[in-house]
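Notes to accompany the following structure.
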There are 4 protein chains.
Amino acid sequence: MTGTPHRRGADRTESIMRTTLELGQEIGYARLSIEAVAARAGASKQTIYRRWSSKGALLLDSLLSMNGPRLDYPDTGDIVADLRTQIHAAVDLLARPPFAPLFKALIGEAQHDPQVAAALNERFITPQADKTVTRLKTARDQGQLSPAFDLDLAMAILSGPLYFQLLITQEQLTHEYVDRILDALFAGMGPRPHTPTSHARPPSPSVPPA
Amino acid sequence: MTGTPHRRGADRTESIMRTTLELGQEIGYARLSIEAVAARAGASKQTIYRRWSSKGALLLDSLLSMNGPRLDYPDTGDIVADLRTQIHAAVDLLARPPFAPLFKALIGEAQHDPQVAAALNERFITPQADKTVTRLKTARDQGQLSPAFDLDLAMAILSGPLYFQLLITQEQLTHEYVDRILDALFAGMGPRPHTPTSHARPPSPSVPPA
Amino acid sequence: MTGTPHRRGADRTESIMRTTLELGQEIGYARLSIEAVAARAGASKQTIYRRWSSKGALLLDSLLSMNGPRLDYPDTGDIVADLRTQIHAAVDLLARPPFAPLFKALIGEAQHDPQVAAALNERFITPQADKTVTRLKTARDQGQLSPAFDLDLAMAILSGPLYFQLLITQEQLTHEYVDRILDALFAGMGPRPHTPTSHARPPSPSVPPA
Amino acid sequence: MTGTPHRRGADRTESIMRTTLELGQEIGYARLSIEAVAARAGASKQTIYRRWSSKGALLLDSLLSMNGPRLDYPDTGDIVADLRTQIHAAVDLLARPPFAPLFKALIGEAQHDPQVAAALNERFITPQADKTVTRLKTARDQGQLSPAFDLDLAMAILSGPLYFQLLITQEQLTHEYVDRILDALFAGMGPRPHTPTSHARPPSPSVPPA
DNA sequence: ATCTAATCGAGACGGTACGTCCCGTCTTCTT
DNA sequence: AAGAAGACGGGACGTACCGTCTCGATTAGAT
């Protein structure tokens with residue numbers, strides 16, 4: 001007689017994902033084994049393999065199941081402030097413990113598992129990109145964005161520097177760093193009469209080109 | 001005294017690294033085993049473990065040993081053109097077969113192996129960043145760069161979008177895409193009288209030195 | 001419920017033991033590796049380690065599983081003849097090819113593996129000793145044995161010389177040699193009027209059954 | 001610079017053998033490696049391999065080099081007493097710590113290494129047997145031994161039971177046990193008017209009862 | 001309410017690779 | 001010339017997990 005009777009379906013799915021996150025946080029993704037998840041979750045390996053085709057797939061689902069603070073854009077009318085708000089939230093969730101190591105590991109996994117890469121894009125990156133582009137479109141219509149700015153590049157330009165910090169240099173990703181990146185991006189690298197962007201401050205009456 | 005551990009030592013080292021790249025290209029990093037490298041290189045596992053503490057460390061060394069086309073900056077006087085040249089070269093080497101999969105896998109490995117992450121930064125990323133910053137400093141002194149631009153962010157802003165494309169969306173990284181990113185970055189996202197940047201065209205005599 | 005762990009369990013066990021004996025005979029115990037047994041038996045190493053904790057334990061089980069000619073004592077009424085019969089059978093089985101080398105190796109293993117030593121005694125030596133003592137008791141009651149003879153020493157005195165020949169001098173252990181030893185033991189080393197023991201000949205009507 | 005300069009020849013030989021015994025006593029023969037002996041003795045592996053062809057050969061030499069209390073027979077005129085004295089000495093040396101485990105291991109090694117078996121016989125067993133037979137011959141001439149006793153069997157019959165106790169049952173080998181064996185052997189197993197053997201007492205005038 | 005089919009926990013199984021130990025040979029440098 | 005040091009190819013160790021596979025016990029829905 002086992003302690004708990006066999007529970008089925010969604011029940012099992014959910015408890016396996018919860019265990020995956022727990023165990024992943026404790027020992028790290030690299031040392032996480034399906035065997036160990038099964039043991040800790042009181043599930044059989046079959047039950048896991050029935051649902052997920054790989055460790056990466058399991059982790060992806062587990063992370064997405066967190067249903068953490070929804071990463072949705074506010075619209076206060078100030079695009080830079082809104083980006084800042086949203087990116088701060090994303091950074092808080094994904095670039096800090098306890099989930100940063102797992103999120104990073106997931107991206108690591110995507111480097112040699114095309115299925116994980118595809119699923120990650122489909123279920124997380126693209127939706128996030130869509131929201132960003134939508135919000136930026138509104139801003140462009142309001143004149144807060146250079147009309148020449150190529151929105152297709154938005155995600156790469158906005159997120160790229162942050163992923164770089166997260167994945168490559170692996171230095172701490174602070175709010176202050178996010179702000180500096182945003183300021184630099186809005187100002188541009190090119191030479192011009194230095195019109196100090198006001199974006200680092202609370203929403204000022206936007207759109208005042210002379 | 002030669003400085004090298006022994007002739008046969010260096011010999012073995014080199015042949016093991018060559019085999020690692022070969023085999024890694026054939027079967028992919030994930031399925032690459034130290035056992036298999038040893039077998040193909042005609043070396044014993046100990047000989048490999050004597051030199052490298054992990055598969056990641058071995059791959060890092062192997063990739064760096066390629067001594068491929070040196071990724072050094074030209075200085076034609078036009079910063080955008082020079083960045084373009086240099087980044088095109090980097091993309092050709094690292095974001096295309098045969099090395100892209102291994103380079104991606106290496107970064108993947110860095111996500112759960114701090115030693116690999118540290119070595120990657122120390123031996124590849126930081127030197128590359130230093131060269132970039134040096135070249136940008138020259139450009140700033142020549143007025144080709146916004147004096148307000150924070151050079152500490154340069155690598156993140158310039159490389160981030162490319163790594164994003166390489167690691168996250170995993171879409172093809174073309175020269176054309178690089179150019180678009182560069183243009184967008186120099187123009188900036190912020191609204192302003194659209195002074196078309198000249199960077200896509202041959203170096204214009206921008207701000208002569210006094 | 002069958003009592004056996006599963007049909008396939010017993011199957012595997014049996015085929016591994018058979019392979020052990022085969023391979024052991026071919027290449028000798030010293031060069032016998034669990035790795036090789038696994039490979040030849042088409043089993044995984046884990047399957048072997050699940051059942052046996054060491055090479056010695058595996059060999060012991062394999063040898064005992066032979067269920068060769070049962071080494072049981074006859075009782076013809078003539079103790080010396082019966083000992084001779086039984087010891088001849090034991091010698092034929094354990095002191096000659098194909099099993100002698102493995103049996104010797106097993107005893108060799110017992111010299112540095114207490115578990116093997118204990119198991120060897122418990123499962124082979126002691127049972128054999130018990131049978132011997134039982135048969136000797138009957139003989140003593142019939143006056144065929146010196147009443148002063150210490151039965152606790154029986155195994156050591158009867159088997160010792162044979163193990164000495166087998167393990168130490170490593171000369172051939174012939175039936176003739178066994179007979180000479182038996183004669184000498186029954187006669188004793190001490191001086192006395194040489195009453196020729198009849199034991200070297202067919203059972204003479206010594207002490208008729210009542 | 002090493003602490004001690006390279007010493008040569010016999011010096012090295014002797015220190016390696018000493019280390020072998022030391023280390024063998026500490027960790028047991030099974031876990032004793034030539035690598036470890038070399039390290040502890042401050043010798044190179046070559047130096048060991050130059051002198052000994054196997055671990056067994058090294059151990060044999062090391063044990064024989066002890067030059068312990070010479071196992072030579074006294075001749076007090078009482079054969080049983082002399083055997084007792086000599087065997088007690090042998091047991092004290094070889095069947096007790098610290099050398100028993102190594103001696104047993106050596107015999108174990110002889111079971112799968114014919115070279116060790118041959119050397120063990122040639123250099124230890126046979127010489128010992130010769131001494132025994134010589135002493136027994138004297139005793140026979142003095143009428144202390146059955147004239148029918150086959151001296152070729154002497155070693156097997158006298159030593160066999162002790163080796164049995166040492167190698168097979170692996171129970172403690174006490175002086176008392178030795179005495180009981182001697183008594184039983186001299187008395188013989190066969191039935192006869194129970195003439196209590198006097199062997200446990202000082203040499204009584206042997207020679208048969210009329 | 002019973003039966004049947006799906007699902008589960010448990011864990012054996014063949015397999016691959018791990019990282020380690022030690023083998024016996026070899027090369028190099030030291031004394 | 002002899003030795004210390006230790007690199008080297010090789011073989012095996014015992015372990016960890018992989019993904020697949022029985023095997024009964026449990027459970028839910030169809031009868």
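Chain A is the first sequence line, chain B the second, and so forth, proteins listed ahead of strands; every chain is numbered from 1. The model shown is predicted, which means the values in this text are computed figures rather than measured ones.
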According to a strict under-4.0 Å criterion, is [X] in side-chain N/O contact with OP1 or OP2 of [N]?
X        : N       : result
Thr47(C) : dG14(E) : yes
Arg31(B) : dA17(E) : no
Arg50(B) : dC8(F)  : yes

Check the distance between [N]'s [atom2] and [X]'s [atom1] and give it to me in whole angstrom.
X        : N       : atom1 : atom2 : result
Asp11(B) : dT28(E) : CG    : C1'   : 15 Å
Ile48(C) : dA12(F) : CD1   : C1'   : 13 Å
Tyr29(D) : dC22(E) : OH    : C1'   : 14 Å
Arg40(C) : dG14(E) : CZ    : P     : 17 Å
Lys45(D) : dT28(E) : NZ    : C1'   : 16 Å
Leu58(A) : dG19(F) : CG    : C1'   : 15 Å
Glu35(D) : dG10(F) : CD    : P     : 18 Å
Ile16(B) : dA7(F)  : CD1   : C1'   : 11 Å

Modelled atom types, side-chain donor and acceptor of [X] and [Y], under 3.5 Å:
X        : Y         : result
Ser15(D) : Arg12(D)  : yes
Ser62(A) : Ser65(A)  : no
Tyr29(A) : Gln111(B) : no

What nucleotide among [options] has an atom nearest to a side-chain atom of [X]?
X        : options                   : answer
Ser44(C) : dG15(E), dG9(E), dA17(E)  : dG15(E)
Arg12(B) : dG9(F), dT7(E), dG19(F)   : dG9(F)
Ile34(A) : dC18(E), dC18(F), dG3(F)  : dC18(F)
Tyr49(A) : dC18(F), dA10(E), dG10(F) : dC18(F)

With hydrogens left out and only the distance checked, is there a donor-acceptor pair under 3.5 Å joining Gln46(C)'s side chain and the base of dA16(F)? yes
Residue whose closest nucleotide on DNA chain F lies nearer the 5' end, Ala36(C) versus Leu32(A):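 Mapping each residue to its closest nucleotide by heavy atoms, the 5'-most match is Ala36(C).
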Find which nucleotide of DNA chain F each of Ser53(C) and Ala43(B) is nearest to by heavy atoms, and output the residue with the more 5' nucleotide. Ala43(B)
Describe the nucleic acid contact of Ala38(A) in one word from base, sugar-phosphate, nothing, applying a heavy-atom distance below 4.0 Å.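 The residue Ala38(A) makes no contact with any strand.
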Whether Asp113(B) side chain and Glu109(B) backbone form a donor-acceptor pair below 3.5 Å: no
Arg31(B) atom CZ: more than 12 heavy-atom contacts under 6.0 Å: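 Atom CZ in Arg31(B) is not packed in, count stays at 12 or less.
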